[in-house]
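Data block below; observations after.
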Amino acid sequence: MATDTALACDLQRVLDAEGRKLPDAELPDLSPERMLQLYRAMVLMRALDHRMLGLQRMGRIGFFGSALGQEASVIGSGAALEPDDWVLPALRENGIMLLRGFPLDKYFAHMFGNALDVMKGRMQPMHFSGREVNQVSWSSCIANQLPQAVGVAYAMKLKGHKKVAMGFIGDGGTSEPDFANALNFAGVWQVPAVFVIQNNQWAISVPVEKQSASRSLAIKAVAYGMPGVRVDGNDVLAVYREVRKAVDRARAGGGPTLLELVTFRRGGHSSADDPSRYRNEQDAEPWERLDPVARFRAFLEGQGLWDDAQEAALEHEQRSAISAAVKGAEQAPLPGPETLLDDVYAVDPPVLDEQRALLRDELAQQ
Amino acid sequence: MTPDFRMSTVSYREAMREAIRDAMRRDPRVFLMGEDVGRYGGCYAVSKGLLEEFGEERIRDTPLSESAFVGAGIGAALGGLRPIVEVMTVNFSLLALDQIVNTAATLRHMSGNQFGVPLVIRMTTGAGRQLAAQHSHSLEGWYAHVPGIKILAPATIQDARGMLWPALQDPDPVLIFEHNSLYNETAALTGEPPEVDIRKAQIARPGRDVSLLTYGGTVALALEAARTLEAEGIQAEVIDLRVLRPLDEATILESVRRTRRAVVIDEAWRSGSLAAEVCARIAEEAFYELEAPPTRVCSAEVPMPYAKHLEQAALPQLADVLDAVRGVLA
C-alpha cells in the first residue's frame with residue numbers, strides 16, 4: 001500500500017506556482033506534441049466555458065456548469081486513458097470527451113438540444129453520453145455513476161479486456177452513500193477502476209470543511225484497501241502523471257485507486273447560482289494565482305514549445321471554430337415532436353403505441 | 001441433444017435455479033450477483049449449488065449494499081455482460097431505487113438510444129412469513145409505475161422456469177418479483193424449458209361469470225376462490241397478469257368483456273396500487289359492458305404486522321374474495 005500515512009496532506013506536484021518544474025519533481029512521460037495537445041484542450045475548455053455561460057445568460061441554452069479553474073484536473077485525468085477505456089463523468093468533465101475526439105459540433109448540438117444531438121434533446125446539458133467515446137452520463141442525483149463504473153470495470157475484467165473504467169465525483173459527492181459503496185466494492189473485487197475526486201472546495205454553497213471532517217479526501221482510500229493519492233489539481237503534469245500511474249496499475253490487474261485532485265471552482269456551481277451570495281471573492285484569489293492554464297503555458301514557454309504568436313493563433317482558431325459551431329447548432333432543426341416517445345424501450349409496448357397514435361392525431365390537428 | 005420430455009416434480013425454487021443454471025450454460029455473459037448467493041446459496045436457497053458449478057466470478061457474493069450491486073449490475077450490462085442481480089426483498093430494493101429508477105429505466109431514452117441496460121433484477125416480495133413490515137411489503141406496483149423497465153411476476157412453476165431466459169434476451173431492464181410464499185410450491189415439469197411469452201397475461205382458469213384478476217402470490221388464492229365458487233354454481237375466470245409493466249390490457253379486457261364482472265386481487269395496499277390501475281383501465285375501456293363496478297381485494301393499509309393473526313388479518317383472505325365476488329354478482 002502506497003503512501004498510507006503521507007496522503008493526508010502530501011500534495012503531488014510537478015510545477016510550482018509560476019509553472020517552473022520543481023527541482024525534485026519527476027516529469028511524466030509526455031511528448032512535446034502531446035503536451036501541446038493537452039494545452040490546447042485546456043484552453044478550449046476555458047473558451048467554451050466563457051461562451052456557454054454567455055449563451056445561457058442570453059437564454060440561448062438552458063443550463064451550464066463551468067469548469068473554470070479545473071481545466072488541469074479534467075484534461076490531465078482524461079489524457080491518462082486509452083481510447084477504448086470508459087469514462088463515467090460527473091458535472092465538469094466535458095473537456096475529456098472533446099480530448100477523446102468527440103466532435104465540437106455534436107457537443108454544441110447537445111447544449112442546444114437540437115436534432116443533431118446524439119441524445120436527441122433529452123438530457124440536461126453537461127450530462128453527456130457518447131458511445132463513440134465510451135462515455136456514459138452521470139445521473140443528476142450525484143454519485144450513482146461510481147457503482148456503475150465498478151460494474152463496467154467488472155465486465156472488462158470478466159471478459160479479459162485490458163480496459164479501465166474511470167469514475168468522477170466532486171468533493172460534495174464523497175458524502176453520498178454510493179461513493180462509499182463503490183469504493184468498497186472496487187476494493188473487494190479488485191476491478192480495473194480509477195476513481196477521481198475533483199475537490200474544488202465547494203458543493204454549491206457548502207465548503208469542503210463542512211462536507212467532511214477527514215484530513216483529506218484521498219485518505220478515505222485506506223479504508224477500502226486501495227492506494228489514495230492527493231494531487232495538485234491545478235498542475236496538469238502532476239495530474240496526468242498520477243492518474244496515469246493509477247490507470248496503468250488498474251490495466252495491469254493491480255486494482256483500483258482513489259485520487260483527490262485539489263483544485264478550485266472559480267465560477268458558480270452552475271448557471272443557476274451566484275457564488276458571491278455564499279463566499280468571499282478573496283477565497284478565489286490564491287487559486288487565481290495557481291491558474292492551471294497560465295501555469296502550464298508558462299511551463300511550455302520555458303521549454304521553448306509555446307509563444308505569444310502561437311497563443312494568438314490558437315485563440316483565433318478556437319474562437320472561429322466555436323462561433324461556427326454555435327451558428328450551426330442554432331440553425332439546426334429541433335428534434336421532431338414525433339421523437340417524444342422513442343427509445344423508452346428497444347421495442348415499443350402497446351401503451352406507447354396508444355400514446356403514439358394520440359400524438360399523431362394531435363400533430364395532425366396542428 | 002435429445003429433448004428431455006420426462007416429467008418430474010420440481011419446486012418453484014428449483015425451477016428458478018434451473019432457469020439460472022440453464023441461462024449460465026447457454027450464455028457466458030450471464031452471471032449472478034447479490035448478498036449470500038454464493039456458498040450460502042441465497043437467502044431463499046435459489047442459487048444453492050451454482051457456485052460449485054460456475055465459480056466465484058459468475059456466482060458473485062457481494063458486499064452488503066443494494067445500491068452498489070444494482071449499480072454494478074447496470075455497469076456490467078453496459079460493459080456487455082448479462083447480469084442477474086438478486087435483491088433479498090423488495091423492501092431492501094428501496095436502497096437501490098435511485099439506480100433502478102434514475103438510471104436503469106432512463107438511460108436508453110436519455111442517451112438517445114446509445115446505451116441500453118440489459119439487466120435482470122430478481123427479488124422476493126410479499127408477506128405471510130411473519131417477517132414484519134420491512135421484509136413483507138408488495139411494492140412491485142411502484143416499479144410498475146415507471147416507464148423504461150419491465151415487471152414480471154411469475155406465479156407458477158412453469159413461469160419460474162420459463163421467464164428468466166426471455167428476460168435475459170430483453171435489451172431493457174427486467175425486474176422479476178418472486179412471492180416468498182411460492183418457493184416451496186411444486187408442479188410437474190419436463191426437462192425442456194417452457195416457452196413463455198413475457199408480454200402476455202394468461203388465463204389460469206377459465207370461467208364465464210366473473211374475472212378474478214391477480215398476479216404472483218395471490219393467484220393461488222384466486223384459484224381457491226374459483227374452486228369454492230364452483231360448488232355454488234359460479235364459474236370464476238382467473239387471470240394471472242404475469243407482466244405488471246407493460247400490462248397486457250388486451251387479455252384483461254377480453255376476459256372482462258366476456259364475464260362482465262371484475263374483481264382485482266392485489267396483496268399491495270389499495271390506494272395508488274396496481275389494482276387501481278387495472279380497475280381504471282377496465283372502467284375506461286369496458287365501462288358500458290360491465291354489470292357491476294369493478295372491485296378490489298387488497299391488504300389493509302398498515303405496515304405489515306408481525307404477529308401471525310394480525311398479519312393474516314391484514315392480508316387478503318379467501319372470505320374477502322368470496323364476499324367481493326358475491327358482491328359483484330348480487
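Chain letters run A, B, ... following the sequence lines, proteins first, then strands; residues in each count from 1. Fair warning: this is a prediction, and the values are worked out from it, not measured in the lab.
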- request: Under the side chain to side chain contact (heavy atoms under 4.5 Å, CB included) rule, what do B:Met110 and A:His127 come out as? Steps first, then yes or no, please.
  value: CA-CA 10 Å; B:Met110 291 185 95; A:His127 295 59; over 6 Å; no
query: Taking all atoms of both residues into account, what is the closest heavy-atom pair of B:Ala68 and A:Asn181, and its distance?
result: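 Smallest interatomic distance, heavy atoms only, reads CB-CB, 3.6 Å.
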message: Can you give me the closest heavy-atom contact between A:Asp342 and B:His109, atom names plus distance?
response: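 Here A:Asp342 and B:His109 meet closest at O-ND1, 2.7 Å.
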message: Between A:Tyr154 (side chain only) and B:Gly73 (backbone N and O only), is there a donor and an acceptor less than 3.5 Å apart?
response: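 Judged by distance alone, no pair lies under 3.5 Å.
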- request: Taking A:Lys159 for its side chain and B:Gly79 for its backbone only, find out whether a donor-acceptor pair lies under 3.5 Å.
  value: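 Checked: pair present.
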Rounded to the nearest 0.5 Å, how far does [atom2] of [Y] lie from [atom1] of [X]?
X: B:Phe115; Y: A:Asp343; atom1: CZ; atom2: CG; value: 13.5 Å
X: B:Ile100; Y: A:Asn144; atom1: CD1; atom2: CG; value: 11.5 Å
X: B:Leu107; Y: A:Ser139; atom1: CG; atom2: OG; value: 10.0 Å
X: B:Asn113; Y: A:Ser129; atom1: CG; atom2: OG; value: 11.5 Å
X: B:Asp61; Y: A:Trp189; atom1: CG; atom2: CH2; value: 9.5 Å
X: A:Gln148; Y: B:Thr103; atom1: CD; atom2: OG1; value: 4.5 Å

task: May I ask you to check whether B:Gln114 and A:Glu132 show a side-chain donor-acceptor distance below 3.5 Å?
output: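 No donor-acceptor contact under 3.5 Å links the two side chains.
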Please classify the contact between [X] and chain B as side chain, backbone, both or neither, with a heavy-atom cut-off of under 4.5 Å.
X: A:Leu340; result: backbone
X: A:Trp138; result: neither
X: A:Glu176; result: neither
X: A:Lys157; result: side chain

Of the backbone (N, CA, C, O) and the side chain (C-beta and beyond), which part of [X] lies under 4.5 Å from a heavy atom of chain A, both, or neither?
X: B:Asp172; result: side chain
X: B:Phe69; result: both
X: B:Val146; result: backbone
X: B:Arg29; result: neither
X: B:Pro171; result: side chain
X: B:Arg199; result: neither

Do other residues, nucleotides or ligands put more than 12 heavy atoms under 6.0 Å from [X] [atom1]?
X: B:Arg39; atom1: CZ; answer: no
X: B:Gln134; atom1: CD; answer: no
X: A:Phe63; atom1: CZ; answer: yes
X: B:Trp142; atom1: CH2; answer: no

Leading residue by heavy atom contact count with chain B [cutoff under 4.5 Å; candidates [options]]:
options: A:Val351, A:Asn134, A:Leu158; value: A:Leu158
options: A:Ala165, A:Ala346, A:Ala149; value: A:Ala346
options: A:Leu146, A:Val136, A:Val188; value: A:Val136
options: A:Cys141, A:Ser140, A:Ser137, A:Ala153; value: A:Cys141

- request: Evaluate the criterion side chain to side chain contact (heavy atoms under 4.5 Å, CB included) for residue pair A:Tyr345 and B:Arg108; output intermediate values, then yes/no.
  value: CA-CA 7 Å; A:Tyr345 295 93; B:Arg108 179 180 299 283; 5.5 Å; no
query: Which residues from residues 114-122 of chain A are near chain B, with near meaning under 4.5 Å between non-hydrogen atoms?
result: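 Within residues 114-122 of chain A, the residues that come under 4.5 Å of chain B (heavy atoms only) are A:Val118, A:Met119, A:Lys120, A:Arg122.
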message: Looking only at heavy atoms and a cut-off of under 4.5 Å, which of B:Asn102, B:Ile74, B:Asp98 has the most pairs with chain A?
response: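 Option with the greatest count: B:Asp98.
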